[in-house]
Amino acid sequence: MAKTTIEVQQGDITKVRVDAVVNAANNSLLGGGGVDGAIHRAGGPAILEECRQIRARQGGCPTGEAVITTGGKLPAKYVIHTVGPVWDGGQKGEPDLLASCYRNSLKLAEENGVKSIAFPNISTGVYGYPKDQAAKVAVEATRAYLREHKTNMEQVIFICFDAENFRLYQQLLNS
Ligand code: AR6
């Protein structure tokens with residue numbers, strides 16, 4: 001089995017050519033600001049339509065879990081919507097919940113035959129998770145998942161919108 005490459009890029013996740021992009025959504029799955037807003041704007045109404053169907057079936061998406069929809073008009077075939085924790089000081093299970101977002105997204109990707117996936121920096125915008133701590137959780141959870149599972153995943157890309165996250169991920173991935 002080939003080793004999965006883990007990369008970092010700075011840019012806009014709606015432009016990335018991968019099988020699946022991950023969305024930092026909220027429990028309602030009905031859209032919002034930040035990367036969620038950007039994905040729905042660029043991907044068009046088909047994404048929200050599927051989100052509504054999932055909501056009707058299971059009542060939204062719990063924090064730390066993930067659901068999958070079409071990528072609509074995005075270059076990506078799928079969007080994997082996961083819900084990061086709101087930062088509340090760090091003693092309320094935030095690291096475990098954030099790690100679950102990465103694990104559950106990778107698992108769902110695998111189940112759908114996804115070979116390349118791009119993650120945004122989940123919870124580090126509106127949800128206020130300190131960027132350095134979130135980056136460590138993201139890289140550790142991803143490396144652990146790939147180590148512990150037989151996987152066909154070829155490429156994992158962390159897409160950093162801002163320069164600070166980009167620098168943090170570069171440091172972590174070079175270590
Ligand atoms: N491409 C890549 N990353 C982006 C983009 C983009 N186009 N736009 C923003 N980011 P946030 P959260 C980065 O706030 O903290 C929404 O309203 C951004 O710089 O999007 O998980 C949802 O509906 C930051 O580093 O998500 C939820 O209610 C990262 O994406 C809530 O925000 C995450 O910031 C989720 O908050």
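Order of listing sets the numbers, starting from 1, for every ligand and every atom in it.
Of all the heavy atoms in E7 and Q155, the pair that sits closest is OE2-NE2, 2.8 Å. In plain terms, the two heavy atoms of D19 and G113 that are nearest each other are OD2-O, 4.4 Å. The minimum heavy-atom distance linking K136 with L172 is given by the pair N-CD1, 3.6 Å.
Using 4.0 Å as the threshold, D12 has a heavy atom nearer than that to some atom of ligand 1. Contact between G37 and ligand 1 is absent, with no heavy atom of the residue lying under 4.0 Å from the ligand. For the pair G84 and ligand 1, no heavy-atom separation below 4.0 Å is found.
Selection from I13, L30, V22 by nearest heavy atom to atom 1 (N) of ligand 1 gives I13. Between the choices Y129, F158, F161, W87, the shortest heavy-atom distance to atom 4 (C) of ligand 1 belongs to F161. Among G33, G34, S28, the residue whose heavy atom lies nearest to atom 16 (C) of ligand 1 is G33.
Defined by atom type and a distance below 3.5 Å, a donor-acceptor pair is missing between the side-chain atoms of T4 and E154. Counted by atom type alone, T82 and N23 present zero donor-acceptor pairs between their side chains at under 3.5 Å.
At least one N or O atom of Y127 sits closer than 3.5 Å to an N or O atom of ligand 1. Note: an N/O pair closer than 3.5 Å links V35 and ligand 1 by distance alone. The N/O atoms of P120, backbone and side chain alike, include none that comes under 3.5 Å of an N/O atom in ligand 1. In terms of polar-atom proximity, defined here as any N/O pair under 3.5 Å, A25 makes no such contact with ligand 1. In terms of N/O distances under 3.5 Å, ligand 1 is not approached by A24.
Checked by atom type and distance alone, the side chain of S123 pairs as donor or acceptor with a backbone atom of P85 at under 3.5 Å. Listed for the N26 side chain is no donor-acceptor partner under 3.5 Å among the backbone atoms of G32. Remark: the backbone N or O of V139 is not paired with any side-chain donor or acceptor of T142 at under 3.5 angstrom. Checked by atom type and distance alone, the side chain of E94 pairs as donor or acceptor with a backbone atom of G90 at under 3.5 Å. No donor-acceptor pair under 3.5 Å is formed between the side chain of N165 and the backbone N or O of F161.
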| Y145 vs Y102, ring-ring contact (aromatic ring centres under 6.0 Å, His included): CA-CA, chis, key distance, verdict | CA-CA 9 Å; Y145 182 91; Y102 288 89; over 10 Å; no
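Given atom 14 (O) of ligand 1, the protein heavy atom at minimum distance is V126 N, 2.9 Å. For atom 15 (O) of ligand 1, the nearest non-hydrogen atom of the protein is G125 N, 2.8 Å. Remark: minimum distance from atom 21 (O) of ligand 1 to any protein heavy atom is reached at S123 N, 2.8 Å. Looking from atom 24 (C) of ligand 1 to the surrounding protein, the closest heavy atom is T124 OG1, 3.4 Å. Distance from atom 33 (C) of ligand 1 to its nearest protein heavy atom, with residue and atom name: N121 O, 3.4 Å.
Each of the atoms 17 (O), 23 (O) of ligand 1 lies under 4.0 Å from some heavy atom of G32. Set against the non-hydrogen atoms of D36, the atoms of ligand 1 under 4.0 Å away are 22 (C), 23 (O). Residue A38 has at least one heavy-atom neighbour below 4.0 Å for each of these atoms of ligand 1: 7 (N). Less than 4.0 angstrom separates some heavy atom of G11 from each of these atoms of ligand 1: 1 (N), 2 (C).
Residue K107 qualifies as open at atom NZ: its count of foreign heavy atoms under 6.0 Å is 12 or below. The local environment of CD in Q91 is sparse, with at most 12 non-hydrogen atoms from other residues, nucleotides or ligands closer than 6.0 Å.
Proximity of N165 to ligand 1, defined as any heavy-atom pair under 4.0 Å, is confined to the side chain (atoms from C-beta onward).
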